[in-house]
Amino acid sequence: MRVPLSWLAELVDLAPGARGVDVAASLVGVGLEEEALHGSDLTGPLVVGRVLTIEEAVQKNGKTIRYCTVDVGEHGQRVTDGIPQEIVCGATNFVVGDLVVVVLPGAVLPGGFAISARKTYGRVSNGMICAEDELGLGEDHSGIIVLTDYLGAERAAALQPGEDAIALLGLDDEVLEVNVTPDRGYCFSMRGIAREYWHSQGSPAGTFRDPALVSQVPHDTTTGYAVHLTDGAPIEGADGCDRYVARIVRGVDPSAPSPDWMAARLTQAGMRPISLAVDVTNYVMLLVGQPLHAFDLQTLSGSIVVRRAKDGERLTTLDDVERALSVEDLLITDGGQEPLAIAGVMGGATSEVTAATTDILIEAAHFDPVTVARSSRRHRLTTEASKRFERGVDPKVTAAAAQLAVDLLVAHGGGVADDGGTDVDLTQGRTAYQLDPDLPARLVGVPYSRERVATILRDLGCGVDDRGDTLSVTPPSWRPDLVDGPDYAEEVARIDGYERIPSVLPTPTAGRGLTHSQLVRRIVANTLVGRGCTEVLTYPFVAADFGDTLGLPADDPRRSAIRLANPLSDEAPLLRTSVIDSLVDALRRNVSRGQRDLALFELGSVTRPLPGSAHTAPVPGVHERPDAETIASIDAAVPPQPRHLGIVLAGESERSGWWGKGRPADWADAVDLVRAVAASLSLTVSVEPDQHAPWHPGRCARLSLADGTLLGYAGELHPAVLKRLGLPQRTCAAEVSVDALAAASENPAKQGAFSTRPVALTDVALTVAESVAAGEVERTLRAAAGEHLEWVTLFDVYRGEQVGVDQKSLAFRMAFRAPDRTLRTDEVSGYRDLAVAAAAARFGAVQR
Amino acid sequence: MATMSAPNSSYDPVEVAALQPEALAAAVDAAQAAFAAAADLDALKAARLTHLDRGAVATARREIGALPPSAKAEAGKRVGAAMDAVRTAYEAREGQLQQQAAERILVEERVDVTVPTGRRPVGARHPVELTQERLMDIFVAQGWEVAEGPEVESEWMNFDALNLGKDHPARQMQDTFFVDPPDGGLVLRTQTSPIQIRTMLTRTPPIYVVAPGKVFRTDDLDATHTPVFHQIELLAVDKGLTMAHLRGSIDHFVRAMFGDVRTRVRASYFPFTEPSMETDFECFACLGAEAAVRGECRTCGGSGWIELGGSGMVNRKVFTACGIDPDVYTGFAFGFGIERALQLRNGVGDMRDIVEGDVRFSGQFGMAV
Ligand SMILES: [Zn+2]
């Protein structure tokens with residue numbers, strides 16, 4: 001809401017000497033946040049100019065630049081030589097003869113932008129032709145201001161080149177822009193802002209002048225234009241329209257312009273002056289917050305009937321869009337037949353006030369916020385009217401607003417108002433709320449007295465009866481948001497001052513620290529960082545064909561992904577089912593930016609819809625806690641979102657350098673990182689070969705825990721997948737379940753005893769067929785070597801002539817140790833021979 | 001010398017001359033000079049052969065046996081002293097030369113320590129995660145616990161239970177990702193507040209939880225917006241909690257994150273809280289600077305204050321929807337953007353750096369924010 005200070009001062013006494021910043025600070029104090037302050041930082045000369053010549057040239061950069069001469073009256077720097085002002089302009093939305101706004105050298109525009117004659121695009125520009133945003137009049141920068149459009153032809157016709165444009169555009173006044181929260185609909189009016197400013201000053205008697213206090217409303221409200229409110233389908237029990245005032249003014253001069261002061265105020269408020277009838281409705285809306293609509297009376301044939309739309313009805317609205325109406329839309333209709341307007345949102349084209357309109361019917365109505373909100377949303381049409389109705393318009397201001405409009409039309413358009421009017425009023429009075437006078441203190445933590453509470457609420461316009469134990473509080477008509485005790489508590493705190501709220505640290509019950517799962521995630525991340533990996537966070541959105549890209553089998557459950565109804569991009573409408581689905585994007589981006597050696601990881605959730613589940617959640621009411629069954633069905637509808645760890649590796653895992661050649665990251669690094677993560681949680685990983693997309697079928701390790709729980713997979717990615725993803729060949733990856741890691745490490749790690757006796761090492765080389773997995777041989781050795789085996793590890797693999805074709809030699813080192821004594825050499829040999837025999841029996845292994 | 005001398009052999013006057021004090025002194029001098037002249041351990045070894053293992057003193061010692069018994073003692077003493085002098089000189093020189101050799105090895109083994117050493121890559125956490133952990137820890141240290149919830153969330157938890165009915169204007173302000181079909185009641189959570197609801201449905205008061213997490217809005221990525229970002233939220237439900245406790249918690253949080261700065265509060269509006277509050281804190285970047293410097297401050301835009309975030313007392317309707325008696329308990333909630341904290345504390349200017357996963361971004365932080 002834009003608030004011209006001069007207008008505000010008419011409605012409320014400003015503090016002596018108060019400027020825009022002071023008013024802004026006062027309003028912030030009562031909860032109206034300052035968005036911007038305009039006009040305080042502009043100095044002229046800013047004048048009306050007439051474009052005399054235009055010479056257009058396309059520049060090297062492709063931009064079209066106009067070299068203009070402009071008549072700026074006596075301000076022309078070479079006017080005595082008869083040479084008009086030369087100005088270079090980047091906009092092209094004007095023609096020779098147009099009246100424009102020119103800022104001349106020596107002026108300062110908002111933001112401290114000082115204007116001087118300067119060379120641009122090869123010529124000196126002696127000033128600038130202004131766009132709206134440059135003057136703080138709005139956001140528009142699509143072109144410069146053409147005054148004929150901006151002020152209307154009527155008013156523009158009276159302008160002379162050289163005339164001061166600061167006052168003309170209302171820039172001599174400060175305009176404060178405040179943010180209005182959704183609960184304060186009444187602050188979308190000067191009336192509401194003035195009232196709030198008044199409260200910020202302590203609500204001193206007699207200094208607020210309510211513009212809605214109009215005495216001239218007609219006494220006879222039955223002989224006016226016939227109006228019928230017939231809502232056959234109220235939404236949630238609320239009538240779509242509970243008050244409708246219709247007033248008629250006849251014989252208005254359609255060519256009568258709006259008065260300058262009104263046009264200036266509309267401009268300051270960010271609205272364009274259009275015609276007297278439209279300007280008057282907008283002006284009154286800004287003043288008292290009541291949206292009005294002006295109908296051309298001659299286009300109406302029957303009575304005004306307010307009803308819900310019928311299936312299939314259509315209406316072309318003022319913005320020239322033909323709209324299919326919904327049965328929930330509330331309509332203003334001509335005699336119940338032809339739709340004239342979508343109530344509270346936008347009027348139709350057929351009954352629009354035109355340049356020929358002389359008889360005007362003014363509508364001031366009160367529409368249901370929900371009805372208007374839904375229509376506005378349904379038709380994607382947010383208007384000044386819908387914005388106000390959605391947030392609640394004062395149902396008692398209706399007649400006054402109509403009267404203000406009638407008076408202005410008569411005063412400036414020369415019309416005559418009909419004696420009678422129509423006021424169909426079905427509004428209900430507000431019921432009193434019984435407020436515990438201690439509640440504000442209990443909620444806010446400031447000891448407000450009963451008297452203080454009552455005084456503040458009275459100042460706010462509430463009726464307060466304090467004869468009982470409780471305060472019986474009737475809220476003012478413009479405050480539909482005041483319903484419950486805390487609403488009143490907030491009002492008391494707000495008016496008394498939030499700054500008086502003390503700062504007291506609460507004393508929580510003793511907490512148990514992070515959960516195991518939360519700790520595990522930190523340990524996993526920190527372990528990987530210690531191993532040289534970099535954590536990234538990627539968007540979980542993936543392409544519709546991600547399953548094909550990754551080469552997932554047709555029936556792979558990872559293909560069934562949750563789809564977004566309104567994705568940011570149609571390229572990525574699904575939610576990832578694995579972390580590496582999106583982690584590869586970060587890898588590709590790094591590669592494209594010239595990084596070569598990369599180890600990235602992400603800890604995040606993936607979404608795994610259950611097969612056959614519709615994943616549709618009930619939306620119960622909120623007037624009580626939903627029953628257990630409903631909560632269970634909500635939980636069941638939310639798809640499982642397990643936490644995963646994804647790792648991708650490319651380039652070298654040990655760097656090349658002056659010390660020699662590095663080592664490329666390979667499948668083993670991927671497996672090893674998972675082992676390291678598991679070890680950091682005191683877990684051991686079993687590895688088996690597997691074929692699992694998107695991994696290379698010959699270089700994929702299935703990783704599981706001792707109890708057989710599947711952790712995930714690691715290895716080199718499939719070359720075809722890498723090609724499709726545009727990633728470096730040999731890129732490796734791992735993806736494991738963090739939830740499984742957390743669950744398996746939940747119980748505290750137990751210390752096993754270890755011996756301090758000397759260790760006995762023995763090596764054994766076994767020749768086996770190429771197809772035999774080393775891990776299997778190792779497991780067999782381990783199982784057969786007896787209880788004193790401490791560890792066994794593969795330290796060499798040999799292939800070559802000495803072992804023959806399709807054979808390999810695996811060299812294992814075994815370490816034996818007894819808990820209580822030094823093992824004898826023959827004992828150790830015996831254990832080793834047992835182990836070798838087992839490997840021979842199982843794999844045909846031959847000791848070399 | 002080809003022959004060994006034997007006891008009681010005939011006296012040889014020439015050899016006896018070797019036992020003369022002058023001869024012994026000359027032999028000692030010669031040995032000392034030879035050792036001193038040895039430039040390295042090899043030369044010293046050669047000199048040892050000539051002057052210690054063999055040579056005049058060694059010869060003299062052998063000659064003692066040929067002396068008459070009456071002369072043996074005196075000559076033995078003289079030769080022994082000479083031998084000691086030669087050996088001492090040798091050992092001293094040997095020690096010197098060994099020391100020199102050791103030092104030379106250290107010099108020879110010198111390397112250029114300025115060459116690069118990064119054989120193994122260095123990793124880094126993502127600063128959003130680190131900031132999130134730091135924020136959690138501030139509250140965990142006070143006894144709060146960390147609560148979490150799903151990112152694909154039910155509309156009821158994300159909106160309805162938080163007093164954001166279908167027609168609430170505030171619900172329109174949020175640009176929500178809907179799961180297909182759009183009427184299926186599932187969204188990507190637009191805020192961490194549904195965790196509040198889940199917490200209140202599953203725990204009984206007193207509740208003191210901090211809820212961090214990823215949230216989603218349909219904003220296109222640019223320097224100041226991202227469709228996926230992170231929030232952290234406080235929820236306290238207990239008997240007797242007031243806005244003073246809310247303010248106290250916020251003040252503590254601000255001091256822990258941004259240093260010793262003041263806060264200011266004003267009325268605001270959020271559907272899930274009533275009364276609601278907006279908090280600003282003094283700009284830590286330009287605090288105490290001259291007015292002219294403050295006016296140019298980029299962190300606060302010259303106002304001297306930084307907007308922190310919304311908060312308030314839990315709306316009675318929210319309690320009701322969660323089955324908590326609003327006449328018995330009061331509570332407060334407070335939310336804050338993690339990315340915003342990161343931007344403020346660590347001077348991150350462009351949101352795209354936070355989300356693009358460029359290793360150079362995380363790498364600047366290591367494990368610390
Ligand atoms: Zn600052």
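Labels below follow one simple rule: chain letters A, B, ... track the order of the sequence lines, proteins then strands, and each chain is numbered from 1. This one's a predicted model, so the numbers in the text were calculated from it and none came from an experiment.
At a threshold of 4.5 Å between non-hydrogen side-chain atoms, the residues A:Arg494 and B:Arg266 do not count as touching. Looking at A:Leu505 and B:Gln142, their side chains come closer than 4.5 Å, going by heavy atoms from C-beta outward. Using a 4.5 Å cut-off on side-chain heavy atoms (C-beta onward), A:Val638 and B:Glu151 make no contact. With contacts defined as side-chain heavy-atom distances shorter than 4.5 Å, the pair B:Thr117/A:Trp659 does not qualify. For the pair B:Pro121/A:Asp597, no side-chain contact is recorded, criterion being any heavy-atom separation below 4.5 Å from C-beta on. Taking the side chain as every heavy atom from C-beta outward, A:Tyr539 and B:Val355 approach each other to under 4.5 Å. Taking the side chain as every heavy atom from C-beta outward, B:Thr242 and A:Arg442 never approach each other to under 4.5 Å. Looking at heavy atoms from C-beta onward, B:Trp156 lies in side-chain contact with A:Pro626 at the 4.5 angstrom threshold.
Residue B:Met200 touches chain A through its backbone alone, counting heavy-atom pairs closer than 4.5 Å. Heavy-atom distances place the backbone of B:Val122, and not its side chain, under 4.5 Å from chain A. In this structure, chain A has heavy atoms under 4.5 Å from both the backbone and the side chain of B:Thr320. Residue contact with chain A, scored on non-hydrogen atoms closer than 4.5 Å, is absent for B:Asn163. Contacts of B:Phe216 with chain A are made by side-chain atoms alone, with heavy-atom separations under 4.5 Å and no backbone atom involved. Proximity to chain A is limited to the side chain of B:Glu307, based on heavy atoms less than 4.5 angstrom apart. Looking at B:Ile250, there are no atoms closer than 4.5 Å to chain A (heavy atoms on both sides), in backbone or side chain. Proximity to chain A is absent for every atom of B:Ile207, based on heavy atoms less than 4.5 angstrom apart. Using a 4.5 Å cut-off between heavy atoms, B:Phe332 contacts chain A through its side chain alone, with no backbone atom that close.
The CZ atom of A:Arg655 sits 13.0 Å away from atom CZ of B:Arg119, with the distance rounded to the nearest 0.5 Å. Atom NE2 of A:His615 sits about 13.0 Å away from atom OG of B:Ser154, to the nearest 0.5 Å. The CE atom of B:Met243 sits 4.0 Å away from the OH atom of A:Tyr498 when rounded to the nearest 0.5 Å. With values rounded to the nearest 0.5 angstrom, B:Asn315 atom CG is found 7.5 Å from A:Asp487 atom CG. Separation of atoms CD1 (A:Ile501) and NE2 (B:His245) is listed at 12.5 Å; rounding is to 0.5 Å. Taking CG of B:Leu246 as the reference point, atom CG of A:Leu443 lies at 11.5 Å (rounded to 0.5 Å).
Here A:Glu652 does not pair with B:Arg120 in a salt bridge; the nearest charged N to carboxylate O distance is not below 4.0 Å. Look at A:Arg643 and B:Glu148 and you find a salt bridge, because one of the NZ, NE, NH1 or NH2 atoms lies within 4.0 Å of a carboxylate O, short of that distance. Ion pair A:Asp484/B:Arg316 flagged as a salt bridge, since at least one NZ, NE, NH1 or NH2 atom sits closer than 4.0 Å to an Asp/Glu carboxylate oxygen. Taking a cutoff of 4.0 Å between a charged side-chain nitrogen and a carboxylate oxygen, A:Arg512 and B:Glu145 qualify as a salt bridge. The existence of a salt bridge linking A:Arg521 and B:Glu133 is excluded, since no basic side-chain nitrogen approaches an acidic carboxylate oxygen closer than 4.0 Å. Looking at A:Glu535 and B:Arg125, a side-chain N of the basic residue comes within less than 4.0 Å of a carboxylate O on the acidic one, giving a salt bridge.
B:Ala124 approaches A:Val529 most closely through the heavy-atom pair N-CG1, 3.5 Å.
The salt bridge (Lys or Arg N to Asp or Glu O under 4.0 Å) test applied to B:Asp251 returns no partner, not counting sequence neighbours. For B:Glu274, the salt bridge (Lys or Arg N to Asp or Glu O under 4.0 Å) test picks out no residue, with sequence neighbours left out.
The greatest number of non-hydrogen atom pairs below 4.5 Å with chain B, out of A:Pro620, A:Ser376, A:Pro618, A:Ala637, is found for A:Pro620. Note on A:Val536, A:Val622, A:Ile631: by heavy-atom pairs under 4.5 Å with chain B, the leading option is A:Val622.
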What verdict does the ring pair (Phe, Tyr, Trp, His ring centres under 6.0 Å) test give for A:Phe541 and B:Phe177, after you've listed the backbone C-alpha separation in whole Å, the side-chain angles of each residue and the deciding distance to 0.1 Å? CA-CA 11 Å; A:Phe541 311 126; B:Phe177 284 109; 5.3 Å; yes

